[in-house]
Amino acid sequence: MTDANSQSLSRRNWLGVISTASLGTGLLATSLPAAGAPAPAEDDKLAGVRIYNIRDYGALGDGKTLNTAAVQAAVDACFKDGGGAVLVPAGVFKIGMIELKSNVTLHISAGGTLLGTGDGTQYHNVDAVPLHGDATAGDGDVGLIYAVHSENVTVEGPGTIDGQGLLFQHRRG
């Protein structure tokens, strides 16, 4: 991302700017660091990372619309292109299960929430998750966000993941 002065932003600086930007119309209204601001370090490992905004894939942050397909499409595109960051901007994005894949960073911006749907039909067993072993409940069920046979997967940012687990607690009497 550059402006007329060809200043570039590292991914870290860009995410800081984007988290406070206006995304209401889908257009990014932001500014670059002021002239004379320190340039990103040459060894910044995050510079040049592709960003996949879930809104660009049809996600609506209204807290009502089920956005599973849009978020998964952003993850899949990111993975297909060799990796990058999937951006969850400000808003409440209701989802069912999503699968993260290798070389994908899920960045949840300030004011951004991934809200697990209360619809139990949106959750299912995943064949690649074992039905036995130390790290399983013995039922093959997985959570809201999972990864199978993946590497270099990151979930980061100041936003929120709310799986609404209380909706799924079994009452014992």
CG-CD distance between L66 and Q122, expressed to the nearest 0.5 angstrom: 5.0 Å

Shared hydrophobic cluster for F79 and V153 (ILVMFWY, side-chain gaps under 4.5 Å): yes

Donor + acceptor pair across side chains of T65, N67 (<3.5 Å): no

I161 reachable from I95 in the ILVMFWY side-chain graph, under 4.5 Å edges: yes

Side-chain heavy-atom pair I98, L144 within 4.5 angstrom cut-off: no

Hydrophobic cluster identity match, M97 and V92, side-chain contacts under 4.5 Å: no

Identified side chain to side chain contact (heavy atoms under 4.5 Å, CB included) partner of V86 from the options D76, I51, V75, V155: V75

Nearest non-hydrogen partners of A70 and G58, listed with the distance: CB-C, 3.8 Å

S109 versus A90, closest heavy-atom pair with distance: CB-N, 4.5 Å

Nearest heavy-atom neighbours spanning Y123 and T117: OH-O, 2.8 Å

Heavy-atom closest contact (S150 atom, S102 atom, distance): CA-OG, 3.3 Å

hydrophobic_cluster_shared for L114 and L60, side chain cutoff 4.5 Å: no

Expected output: side-chain R55 to main-chain P89 donor-acceptor under 3.5 Å: no

Pairwise distance CD1(I145) to CD1(I108) - rounded to 0.5 angstrom: 5.5 Å

Passing candidate, side chain to side chain contact (heavy atoms under 4.5 Å, CB included) with L106, options L87, T154, V88, I54: V88

Hydrophobic cluster identity match, Y57 and F93, side-chain contacts under 4.5 Å: yes

Expected output: side-chain Q72 to main-chain E99 donor-acceptor under 3.5 Å: yes

Exercise: identify the closest heavy-atom pair between A85 and C78: N-SG, 3.9 Å

Side chain to side chain contact (heavy atoms under 4.5 Å, CB included) partners for N103, two or more places apart: N152

Backbone of G116 reached by a side-chain donor or acceptor of Q164 within 3.5 Å: yes

